[in-house]
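Structure incoming, see below.
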Number of protein chains: 2
Amino acid sequence: MKKKITLKQIAKELEVSISTVSKALKNSEEISADTKEKIQAFAKFYNYKPNNVAISLKNKRTKNIGVIIPDIVHHFFTTVFRGIEQYANKQGYNVIVCVSDDSFDREVINMEMLANGSVDGFIMSLSAGTQRKNDFNHLKEITDQGIPLVLFDRTTDKIDCDKVLIDDREGAFKAVQKFIKNGRKKIALVTTENYFSVSNAREAGYREALANADIEIDEHRILKLPNMEVDENAIHEFFNSNRIDAVLCVNEIFAIHCMNLVQKKGMRIPEDISFIGFTDGILSKYANPGLTAIAQHGVEMGEVAAKMLIEKVEYESDDEEEEETYQTKIIESTIIERGSTIN
Amino acid sequence: MKKKITLKQIAKELEVSISTVSKALKNSEEISADTKEKIQAFAKFYNYKPNNVAISLKNKRTKNIGVIIPDIVHHFFTTVFRGIEQYANKQGYNVIVCVSDDSFDREVINMEMLANGSVDGFIMSLSAGTQRKNDFNHLKEITDQGIPLVLFDRTTDKIDCDKVLIDDREGAFKAVQKFIKNGRKKIALVTTENYFSVSNAREAGYREALANADIEIDEHRILKLPNMEVDENAIHEFFNSNRIDAVLCVNEIFAIHCMNLVQKKGMRIPEDISFIGFTDGILSKYANPGLTAIAQHGVEMGEVAAKMLIEKVEYESDDEEEEETYQTKIIESTIIERGSTIN
DNA sequence: AGGCTTAACGAAAACGGTTTCGTGTTAATA
DNA sequence: TATTAACACGAAACCGTTTTCGTTAAGCCT
């Protein structure tokens, strides 16, 4: 077992000073060619690599970024994470992930774990708990300390920082518009309770598109499910008591459930009833028929978030006091057409 | 913007030495009650938290663990990661993830990025590139340096280290046995080319179960697809030219594709043909009919891997030289029964 | 009063680097 | 020959902690 070698050890072995070794390895002009060669050869032989922790301490920069998300076993977040990791790695940053599990407390704990020098900045999507509690002090503390923060998808306007959003409203709008173009009039929405800003935005887009086409909004055609443990009976009841020819679902799971159910009832997709679901995930792709989906481009979102964060991180270190200026970027969603709609 | 306060600043402000502050905050007996109270109050007021990087340097322990996986947008890996993160966090460790994207080079680069002090140990699943290249020098270097390493799922026996495996052979065996118990005789296997140790193990289990039941193995009933971009024609051809009443698939995607296809051909699942697929993911759950699956218990796997790693990490630091002893743990898979088989 | 213990605190080394600012030697110049 | 500039290297500070080992002064004992 050969432990990593340090500058000090090299210096002692070669009977020079630590500074000489450090400079030689950086190819400094100060050091003679002879000495440099000798030191570099020795270092290479022993596979010397500077210790990241020491460098972090010296530079006051860790080259780590912290990502806190509600869930990792979730296609959308995973996708965004992929984008973050990809871009960050390319820029020489590593990514530390913490999962809040949609709990306010865990989110706070995770932030505190990382905030004491472990990372140069944060990228996060708020936990359901935090959104429900409407308490953002932990974020405030971070930004007050001058630590860069980028919020994505599940954000809040109570905090001043960079943000990356999906045009949920616009996505729902386009989906409903597509239904209307296909001649559908009895358009339903299957959504969650209004905890999340996303569901609200999607519902808004749904309403707007209908209003825009002078279709009266029938509140009975809006089904709000309390959580992700889908209640089959509620869906059953919903489709029995309403005449519906198109359904917009705020997530894949709801869509798949509804599709399976209406097919069992003998309805044909897309002839009798069309479906569009939010978030183009694996389920949409492999559903039968394929589910036309509003794709969120998570990877792009992650890349954008990482880019914004790293820019702030590298800027901050140069300039001390400066007017902070924050931006909000919108990632456009697109409709991926599949068999569940008439194209 | 109030930057984090340091011991030095507290010391200067209160006109005591740094050591006194440090001790006071640790409630050392050496410091008088008066002084302690004063310092603690001051520290609390300015929300003092020790700098993690400095502590890491001092302790030569980062409390970070590195996870390198081939892919993160992949249900199984995500699940394992969840288990790792959960356990690690509970023990006060953070997790740095790097995605190798199934490339040998990226795997090597990622390891090198983290190996210079950024993490205390590694948990990884080998990239396809690495398995194909059969080159494990980067792992050897890590273990030679005494850095703990735990391999999971996609491993190699060329490296001595802790391992966590899934009983792929046994899982396939049980699946085929179930088919046989249901009276099926013409049992097919849909798998990948033999790059991965997992596919090999699964194929072995398949063959063993058939041999065990004195069913002759018909090589035509084994379909090997070159990659995940499923070739519909190959599947079509396969089901047309073979009489088959049960199919074991080495992953969900293959299973879903095959199920959709045979259903289009008018066959009924599970009456005419049964399906079992590896890795109980989201697709199996929401397939129509639901796909009976061999569940891998990724979360448990991750927890076990993290536990093994952290034990090694904390042990190493105590004891210097010691007989290294490595273990291999097997996570048992279980069959989740759904509509694609007769139960 | 002199010697002792003990309480309360500070100085300094250490972790592993980087970087600024000397400093001694040599060779070129006046 | 004395002065100086260039060269090659080293000492030391610094990043923020922890921890060992003094050091000082007060209080006690004989």
Side-chain angles (χ1 to χ4, degrees), chain A residues 3-40 42-43 46-64 114-120 145 147 317 320, chain B residues 3-40 42-43 46-64 114-120 145 147 317 320:
Chain A
K3 283 254 177 233
K4 301 235 70 139
I5 196 171
T6 68
L7 284 190
K8 192 193 256 191
Q9 292 169 45
I10 299 182
K12 188 197 262 183
E13 210 68 33
L14 262 37
E15 295 180 309
V16 290
S17 76
I18 295 180
S19 7
T20 303
V21 178
S22 176
K23 289 171 192 164
L25 293 177
K26 310 208 102 155
N27 234 322
S28 160
E29 294 302 325
E30 268 186 81
I31 309 297
S32 72
D34 274 10
T35 313
K36 277 202 281 194
E37 207 172 327
K38 191 177 64 178
I39 294 178
Q40 287 172 2
F42 189 90
Y46 281 100
N47 192 29
Y48 171 79
K49 293 279 167 50
N51 179 307
N52 288 334
V53 176
I55 292 182
S56 292
L57 183 58
K58 182 96 242 275
N59 295 347
K60 297 171 143 236
R61 305 264 316 280
T62 60
K63 285 246 167 193
N64 286 157
L114 299 182
N116 304 117
S118 294
V119 300
D120 296 337
Q145 284 172 35
I147 300 177
S317 57
E320 282 316 314
Chain B
K3 284 252 177 237
K4 301 236 70 140
I5 197 171
T6 68
L7 285 188
K8 192 194 258 191
Q9 293 168 43
I10 299 182
K12 187 198 264 185
E13 211 67 34
L14 262 41
E15 295 180 307
V16 291
S17 77
I18 296 181
S19 6
T20 304
V21 179
S22 176
K23 289 170 193 162
L25 294 177
K26 311 207 99 146
N27 233 322
S28 159
E29 293 302 325
E30 270 186 79
I31 309 297
S32 72
D34 275 9
T35 313
K36 277 202 282 195
E37 206 171 329
K38 190 177 62 178
I39 293 178
Q40 287 172 0
F42 189 91
Y46 282 99
N47 192 28
Y48 169 80
K49 294 279 166 52
N51 179 306
N52 288 334
V53 176
I55 292 181
S56 292
L57 182 59
K58 186 96 243 278
N59 295 347
K60 297 171 142 239
R61 304 264 315 279
T62 61
K63 285 247 169 189
N64 286 156
L114 299 183
N116 305 117
S118 294
V119 300
D120 296 338
Q145 284 173 34
I147 300 177
S317 58
E320 282 318 311

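Chain A is the first sequence line, chain B the second, and so forth, proteins listed ahead of strands; every chain is numbered from 1.
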Would you say A:Q145 has more than 12 foreign heavy atoms packed within less than 6.0 Å of its CD?
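Yes, enclosed.
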Just how far, in rounded Å, is P of C:dT18 from CG of A:N52?
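Interatomic distance, CG of A:N52 to P of C:dT18: 11 Å.
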Going by side chain to side chain donor-acceptor pair (under 3.5 Å), name the residues that satisfy it together with A:N64, two or more places apart in sequence or in a different chain.
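Here no residue qualifies.
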For A:S17 and A:T20, does a side-chain donor sit closer than 3.5 Å to a side-chain acceptor?
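The answer is yes; a qualifying pair exists.
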Atom CD of A:E29 to atom P of D:dA6: distance rounded to whole Å?
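Between P of D:dA6 and CD of A:E29: 15 Å.
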From B:F42 atom CZ to B:E37 atom CD, the distance as rounded to the nearest 0.5 Å:
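Answer for the CZ-CD pair, B:F42 versus B:E37, is 15.0 Å.
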Check side chain to side chain donor-acceptor pair (under 3.5 Å) between A:N27 and all other residues, then give those that pass, not counting sequence neighbours.
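So A:N27 forms a side chain to side chain donor-acceptor pair (under 3.5 Å) with A:K36.
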Whole angstrom value for the distance that separates C1' of C:dG17 from CZ of A:R61
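The distance from CZ of A:R61 to C1' of C:dG17 comes to 16 Å, rounded to the nearest Å.
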Quickly work out the B:K23 NZ to D:dT19 P distance and round it to whole Å.
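So the two atoms are 11 Å apart, to the nearest Å.
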Sequence neighbours left out, what pairs pass salt bridge (Lys or Arg N to Asp or Glu O under 4.0 Å) with at least one residue falling in residues 6-21 of chain A?
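Sorted result for residues 6-21 of chain A: empty, none.
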Could you check whether A:S56 gets within reach of a base, just the sugar-phosphate, or nothing at all, counting any heavy atom under 4.0 Å?
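Here A:S56 touches no strand at all.
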Looking at every strand, decide which applies to A:V16 at a 4.0 Å heavy-atom threshold: base, sugar-phosphate, or nothing.
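Sugar-phosphate contact only.
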How many whole angstroms separate atom CD1 of A:I10 from atom C1' of C:dG17?
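Those two atoms, CD1 and C1', are 12 Å apart.
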Whole-Å distance between C:dG24 C1' and A:E30 CD?
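Atom-to-atom, A:E30 to C:dG24, this comes out as 15 Å.
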Provide the closest heavy-atom pair for B:N116 versus A:P50 in the form atom of the first, atom of the second, distance.
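That would be CB-O, 3.6 Å.
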For A:N27 and D:dC9, what is the distance between atoms CG and C1' respectively, to the nearest whole Å?
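For the pair A:N27 CG and D:dC9 C1', the rounded distance is 16 Å.
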Quickly work out the A:I31 CD1 to C:dT20 C1' distance and round it to whole Å.
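Nearest whole value for this atom pair: 14 Å.
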With sequence neighbours excluded, residues passing ring-ring contact (aromatic ring centres under 6.0 Å, His included) with A:Y48
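With neighbours one apart ignored, the set is empty.
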For the helix from C:dA1-D:dT30 to C:dA30-D:dT1, how many degrees between its two end axes (five pairs per end), to the nearest 10°?
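For the helix from C:dA1-D:dT30 to C:dA30-D:dT1, the axes at opposite ends meet at about 90°.
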Taking only nitrogen or oxygen atoms into account, show me every contact under 3.5 Å that the protein makes with nucleotides 15-17 of chain D, one pair per line with its distance.
unit_1 : atom_1 : unit_2 : atom_2 : d
D:dC15 : OP2    : B:K8   : NZ     : 2.8
D:dG16 : OP1    : A:K60  : NZ     : 2.9
D:dT17 : OP1    : B:Y48  : OH     : 3.2
D:dT17 : OP1    : B:N51  : N      : 3.2
D:dT17 : OP2    : B:L7   : N      : 2.9
D:dT17 : O5'    : B:Y48  : OH     : 2.9

Looking at A:T35, does any N or O in its side chain come under 4.0 Å of the phosphate oxygens OP1/OP2 on D:dC9?
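For D:dC9, OP1 or OP2 has a side-chain N or O of A:T35 closer than 4.0 Å.
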Would you name the heavy atoms of B:I31 and B:A24 that are closest together and state the gap between them?
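Closest approach of B:I31 to B:A24: CG1-N, 4.0 Å.
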Is there, by distance only and without an angle test, a donor paired with an acceptor across the side chain of A:S19 and the base of D:dA11 below 3.5 Å?
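Pair found.
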